[in-house]
Structures are given as structure tokens and as C-alpha cells.
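A quick write-up on the structure given underneath.
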Amino acid sequence: MDLSRVVLPTFILEPRSFLDKLCDYHYHGDFLSRAAKMDDALERMKQVVRWYLSGFYKKPKGLKKPYNPIIGEWFRCMWPHQDTNSQTFFVAEQVSHHPPVSAFYVSNRKDGFCVNGSILCKSKFYGNSTQIVLDGTATLTFLERGEEYTMNFPYVNCKGILIPPIVVELGGKVNIQCEKTGYKTELDFKLKPFWRSSDHFNIMSGKIKMGKNTIMTCDGHWDGEVWLADKKSSNARLELLWNPDQFVKAARLQRNVIDPNSQHEFESERLWQRVTEAIRNDDQEGATEEKAVLEDRQRQEGKERKTTGQEWVPRLFERGPDGGWVYMHRDLRPWDPHNDLFEYDIDGVIRTKTRCAVGPLRAPSIINIPVGVERMMSVSSHESQQQRTEEEVIVESENFPAGRGLVKEVQKCTQQIVRLVKIEEENSQKLSAIVNELQRNKQSEHVGSKGITRLILFLVIPVVLAYFISVLFLK
């Protein structure tokens with residue numbers, strides 16, 4: 001039984017949206033800040049796995065499910081990093097309702113990383129248990145190294161719904177892979193067998209591999225200690241990979257969120273504000289009524305779009321070349337300390353304040369050039385991109401329809417295109433000059449040959465006439 005279409009009672013709800021819950025992975029974003037600076041590829045992979053495991057130990061007590069996000073709902077927050085004087089920005093949006101797809105993006109360009117991903121959340125009921133399947137992937141990018149780490153997610157298994165006790169576990173296989181370095185981590189989250197003791201809750205194991213060769217193995221509890229064993233060493237020395245003890249929890253980054261009263265209508269905390277207040281006040285009837293108002297409005301708006309044949313267009317995310325959801329305003333440029341000042345967020349749009357205006361790099365290669373680039377080229381040919389302010393560049397790019405896709409991505413490439421066009425024009429002029437010169441030389445040679453012929457005739461004819469005249473008179 002698929003629970004994604006079922007209206008759940010409010011007493012089992014965790015008082016926050018699923019979009020809010022997605023940011024639990026990033027309370028230890030400083031792990032990625034350190035990983036980006038590591039020179040050893042294996043150490044970077046270990047640090048990425050440590051960061052990945054840090055997203056699971058924060059969980060509610062008992063069986064609690066976050067709100068199903070409303071289509072068009074979005075959430076944003078920020079964590080300041082005291083050690084590096086930087087900020088990690090998070091933004092998520094519900095881009096589809098049926099099926100329920102949540103897209104998210106994380107950026108800390110100063111520390112050299114960003115994360116882009118999307119999740120299709122599916123819930124299934126099996127009598128005494130339920131499973132929440134997180135179908136999707138995330139891509140972690142280290143900007144200065146050009147490395148991408150792709151990863152998927154385990155499923156959540158809740159047992160004891162009808163027959164207590166209630167137990168929440170993680171299950172399934174996870175792969176974290178970096179194609180550039182060749183390292184791959186395989187993690188196996190295991191459910192507790194029926195006949196085993198309570199010590200076998202939250203068990204996991206895994207391998208760090210290079211190609212087909214296993215470099216290290218890991219074992220432990222994902223909400224407790226996880227140990228690494230070096231398979232290359234005969235001593236099999238153990239290394240503590242992860243342990244969410246009191247010191248780790250105390251070092252969690254502090255999350256900053258805008259006050260709900262200052263948020264936009266469809267930002268998560270403001271959108272669900274009345275439902276949350278009712279749940280926290282133990283007013284289940286009021287929470288149910290407020291929740292029904294939001295869900296009924298969503299259904300009505302969905303019917304109207306279906307009647308008019310309109311498709312929902314997300315505000316912050318768009319389809320990528322592979323069909324997945326990508327953040328429209330992503331910037332994959334390595335941090336430039338000479339030009340980049342700081343990152344900031346305006347209504348979910350993450351930007352970088354710079355000394356000189358530059359266009360964001362949104363992909364490692366050019367995929368296509370959208371409609372409107374001709375206009376950008378014509379403007380750039382008369383006015384240097386470096387002389388224009390950042391606000392002018394942003395306004396010009398935002399004048400294009402949102403559906404045109406990669407406009408901002410080609411701003412930097414436009415300068416190169418204009419430069420190549422100018423070089424081509426200069427070469428064409430030089431080539432024309434060379435052709436004209438050749439034609440003039442050819443004409444000169446032709447005229448010169450005619451002059452020589454005439455000179456020869458003028459010299460030869462008198463001699464011939466004199467010869468004939470002398471012959472006649474001698475006779």
C-alpha cells in the first residue's frame with residue numbers, strides 16, 4: 001500500500017516539513033570543508049563517508065513522519081563556519097507532487113564544495129511495519145579539484161506499528177563513487193533479524209574499493225561507532241571513522257533560519273506555521289483542520305492546472321541534461337580570493353558578491369546555447385563585461401524566460417565567443433587584403449608582359465624592314 005497518497009493523522013507527524021528534514025545531512029558541513037583541503041584522495045573519500053554518516057543520528061523519538069511538502073513549497077537555511085569564516089547555504093523545493101519529488105542544493109564556494117540532488121519519497125505499509133523509500137541521488141562536487149561524488153540513500157524501516165515496541169531502522173545498499181579518483185565506497189545498512197538481540201540494531205558494514213580491489217573495510221553501528229580496517233596491512237590496524245559522541249554533537253554547526261513571519265507565503269515554516277503550533281499545543285483537532293486547508297488548496301489548484309492544460313514550473317530548479325533536477329542558479333566556479341567576496345541568499349537564489357562582475361559556471365561543459373545569447377553577444381561586443389556591474393548582468397539574464405535554461409551558464413562563455421568572432425573578423429579582413437594584393441600582383445605581371453611584348457615588336461620590326469629594304473636595293 002502506497003502511503004504517498006494517504007492523508008496521515010496529525011498525531012504521528014513530526015512538526016516540520018520533509019524539506020526541512022533534508023538539511024539534517026549538513027549540520028556537519030565542516031567535514032566537507034576539511035575534505036576539500038585534503039591532498040590524499042583516499043583520505044577525502046573517508047571524510048566524505050564520515051560526513052554521509054553524520055546525517056542519520058539526528059532523529060525524532062518514536063515514530064514520527066514530517067509533513068508531505070506542498071508543490072511549490074520551498075525551504076532555506078544557512079550554517080556559519082567559524083573556523084573558515086564562510087557559510088553553507090541550503091535551499092530545497094518541492095518540484096512535483098505526484099510523484100512527490102523534492103530537489104535540494106547546498107553551496108559553500110569559499111570552502112570549495114556544493115551538493116545537488118533530488119529525492120522521490122515513497123512510503124509503503126506492510127501491516128506491522130512501514131517503509132519510506134528515498135529514491136534518488138545526490139552529487140557532491142569539490143570545486144577546485146573538479147571531483148564529483150555520486151551517492152544514493154538507504155530506506156527507512158519502521159516496525160511495531162500495531163505490535164509494540166516501535167523501532168526505526170535504516171536498510172539497503174548505498175554506493176558513494178568518485179569517477180575521477182576511482183575510489184568507491186559500498187555501504188550495507190542491515191535490519192535487525194527477528195531472532196537476534198538488541199545489539200544488532202542499526203548495524204552497518206562496508207568497503208572502500210579502488211576498482212575491484214578492496215582497500216579498507218568498515219563495520220559498526222551507524223548511530224554509534226564505525227571502525228575502518230586497512231586490508232593492505234598485515235596488522236589490520238583499526239581506525240575510528242565515526243562516533244557521534246557528546247563532543248561531536250556539541251560541535252554541530254548552528255543553523256540560521258529567517259523568522260517565519262518574515263518568510264514568503266510558500267516557505268515551509270510559514271506555510272505550515274498553524275499546523276506546527278497546533279501540534280506543539282497538543283491540539284490535534286486544530287492541526288487536522290489546518291492541514292486539511294493546505295491539502296484541499298493543493299488539490300484544487302492541481303485540478304485547475306489539469307483543466308487548463310498547464311504544467312507546474314518550479315521556481316528554483318529545472319531539468320538537467322540527464323533528466324534529473326538541478327538548481328537554476330548553481331555556480332561551480334572555484335573560489336577566487338582576489339575577486340569573490342562572500343556568498344549570500346536572496347529569496348532562495350544563492351549568489352556571490354564579487355569585486356568585478358563574472359558569470360557563474362553552472363556545468364563543466366557547454367551543453368547548448370539558449371535563445372537570447374545573440375543579444376548578449378551584441379551587448380558584449382560594444383561594452384566590456386568587466387565594466388558592467390553585477391546587478392546589470394543579473395537583471396539582463398533574468399529578463400529571459402525561466403524556461404530557456406542555461407542563460408546564466410553561458411555568460412562567461414559569451415566573452416570567449418565574442419573574442420573568437422572578433423579574431424575571425426580580423427582574419428577575414430587579413431585574408432581579403434592578401435587576396436586583393438595577389439590580384440594586383442597578377443594584374444601587374446600581365447601588364448608587364450604586354451609591355452615587354454610591345455618593346456620586342458618595336459625593336460624587331462625596324463630590323464626586319466631594314467633587312468628587306470637592303471636586300472631589295474642590293475639587287
Can you name the residues that form a side-chain hydrogen bond (donor to acceptor under 3.5 Å, both in side chains) with N152, not counting sequence neighbours? none
With sequence neighbours excluded, residues passing side-chain hydrogen bond (donor to acceptor under 3.5 Å, both in side chains) with Q298: H97
Can you tell me how far apart CG (L140) and SG (C114) are? Round to the nearest 0.5 Å. 7.5 Å
State the OG-CG distance between S118 and D135, to the nearest 0.5 angstrom. 9.0 Å
Do the ring centers of Y105 and F90 come within less than 6.0 Å of each other? no
Starting from the C-alpha separation in whole Å, work towards a yes-or-no answer on side chain to side chain donor-acceptor pair (under 3.5 Å) for Y67 and T276. CA-CA 10 Å; Y67 310 139; T276 300; 2.9 Å; yes
Is the closest side-chain donor-acceptor distance between Q177 and T150 under 3.5 Å? no
Under the side chain to side chain contact (heavy atoms under 4.5 Å, CB included) rule, collect the residues that match up with D296, sequence neighbours excluded. A292, R299
Step by step, would you call K190 with D219 a salt bridge (Lys or Arg N to Asp or Glu O under 4.0 Å)? CA-CA 11 Å; K190 302 176 181 180; D219 292 282; 5.7 Å; no
Shortest non-hydrogen contact from R333 toward L143: O-CD1, 3.6 Å
Whether R145 and D39 form a salt bridge (side-chain N of Lys/Arg under 4.0 Å from carboxylate O of Asp/Glu) is what I want to check. yes
Residues M210 and G182: closest non-hydrogen pair is SD-O, 3.6 Å
Hey, are the side chains of L170 and N202 touching, using non-hydrogen atoms and a 4.5 Å cut-off? no
F75/R16 under side-chain contact (heavy atoms from CB on, under 4.5 Å): CA gap, chis, key distance, verdict: CA-CA 11 Å; F75 176 83; R16 61 171 176 162; over 6 Å; no
I want to check something: taking the side chain as every heavy atom from C-beta on, are I132 and C121 in contact at a cut-off of under 4.5 Å? yes
May I ask you to test the W51-H26 pair for a side-chain heavy-atom distance under 4.5 Å? yes
Applying salt bridge (Lys or Arg N to Asp or Glu O under 4.0 Å) to R76 and E267, what does each step give before you reach the verdict? CA-CA 8 Å; R76 55 175 166 163; E267 285 195 69; 3.0 Å; yes
Is a donor on one side and an acceptor on the other found under 3.5 Å between the side chain of N108 and the backbone of Q87? yes
Less than 4.0 Å between a side-chain N and a carboxylate O, is that true for R274 and E277? no
With side chain to side chain donor-acceptor pair (under 3.5 Å) as the criterion, how do Q47 and R44 come out once you've worked through the C-alpha distance, each side chain's angles and the decisive distance to 0.1 Å? CA-CA 5 Å; Q47 188 73 353; R44 287 198 299 276; over 6 Å; no
Between A138 and F104, which heavy-atom pair has the shortest distance, and what is it? CB-CZ, 3.9 Å
Classify the angle between the aromatic ring planes of F189 and Y52 as parallel (below 30°), tilted (30 to 60°) or perpendicular (above 60°). tilted
Calculate, to the nearest 0.5 Å, the distance between atoms CG and CZ belonging to D259 and R270 respectively. 10.5 Å
Heavy atoms only: give me the nearest P99-L120 pair and the separation to one decimal. CB-CD1, 3.3 Å
Got more than 12 heavy atoms from elsewhere within 6.0 Å of NZ, K37? yes
Does the T354 side chain pair with the main chain of D340, one donor and one acceptor, at a distance under 3.5 Å? no
Start with the C-alpha gap between E93 and W325, add the side-chain angles, then the distance that decides, and say whether side chain to side chain donor-acceptor pair (under 3.5 Å) holds. CA-CA 10 Å; E93 182 180 9; W325 292 97; over 6 Å; no
Do you know the tightest heavy-atom contact between M328 and P314? CE-O, 3.7 Å
Report yes or no: is the cationic atom of K192 (NZ for Lys, CZ for Arg) closer than 6.0 Å to the six-membered ring centre of F201, at no more than 45° off its axis? yes
Answer yes or no: does atom CD of Q254 have more than 12 heavy-atom neighbours from other residues, nucleotides or ligands under 6.0 Å? no
Begin with the C-alpha distance, continue with both residues' side-chain angles, and end with the deciding distance and a verdict on side-chain contact (heavy atoms from CB on, under 4.5 Å) for L241 and L228. CA-CA 6 Å; L241 175 68; L228 283 173; 3.8 Å; yes
Do other residues, nucleotides or ligands put more than 12 heavy atoms under 6.0 Å from the CD atom of E43? yes
Checking side-chain contact (heavy atoms from CB on, under 4.5 Å) for the pair Y183/I208: CA distance, chi angles, key distance, verdict? CA-CA 7 Å; Y183 282 105; I208 299 179; 4.3 Å; yes
Looking only at heavy atoms, the pair that brings P69 and L19 closest together is CG-CG, 3.9 Å
Tell me every residue that passes ring-ring contact (aromatic ring centres under 6.0 Å, His included) with F142, counting only those two or more places apart in sequence or in another chain. Y149
Rounded distance [0.5 Å steps], CD1 in I71 versus CZ in R305: 5.0 Å
Output the distance between atom CD (E169) and atom CD (Q131), rounded to the nearest 0.5 Å. 10.5 Å
Under 4.5 Å between any side-chain heavy atoms of W272 and E290, yes or no? no
Min side-chain heavy-atom separation D30-D83 under 4.5 Å: no
What pairs with D347 under salt bridge (Lys or Arg N to Asp or Glu O under 4.0 Å), at least two apart in sequence or on another chain? none
Would you mind checking if D20 and R255 are paired as a salt bridge, meaning a charged N to carboxylate O distance below 4.0 Å? yes
If the plane angle is over 60° it's perpendicular, under 30° parallel, otherwise tilted; pick one for W242 and F31. perpendicular
Note: E311-R319 ion pair, threshold 4.0 Å (strictly below): no
Mind running side-chain contact (heavy atoms from CB on, under 4.5 Å) on S33 and H81 for me, showing each step along the way? CA-CA 9 Å; S33 300; H81 294 236; 3.5 Å; yes
Looking at K110 and E343, is any side-chain nitrogen of the basic one under 4.0 Å from a carboxylate oxygen of the acidic one? no
Looking at the rings of Y27 and W79, which for Trp means the six-membered one, are their centres under 6.0 Å apart? yes
Report yes or no: does R355 contribute a side-chain atom to a donor-acceptor pair with the main-chain N or O of L341 at less than 3.5 Å? no
4.5 Å side-chain heavy-atom contact, I119 and V101: no
Can you label the angle between the F153 ring and the Y25 ring as parallel, tilted or perpendicular, going by 30° and 60°? perpendicular
Single hit among K212, K207, K209 for salt bridge (Lys or Arg N to Asp or Glu O under 4.0 Å) with E186: K209
Supply the atom-to-atom distance L253 CG to T88 OG1, rounded to the nearest 0.5 angstrom. 7.0 Å
Check side-chain hydrogen bond (donor to acceptor under 3.5 Å, both in side chains) between T84 and all other residues, then give those that pass, not counting sequence neighbours. S86, D111
Quick check, are the ring centers of H329 and Y327 under 6.0 angstrom apart? yes
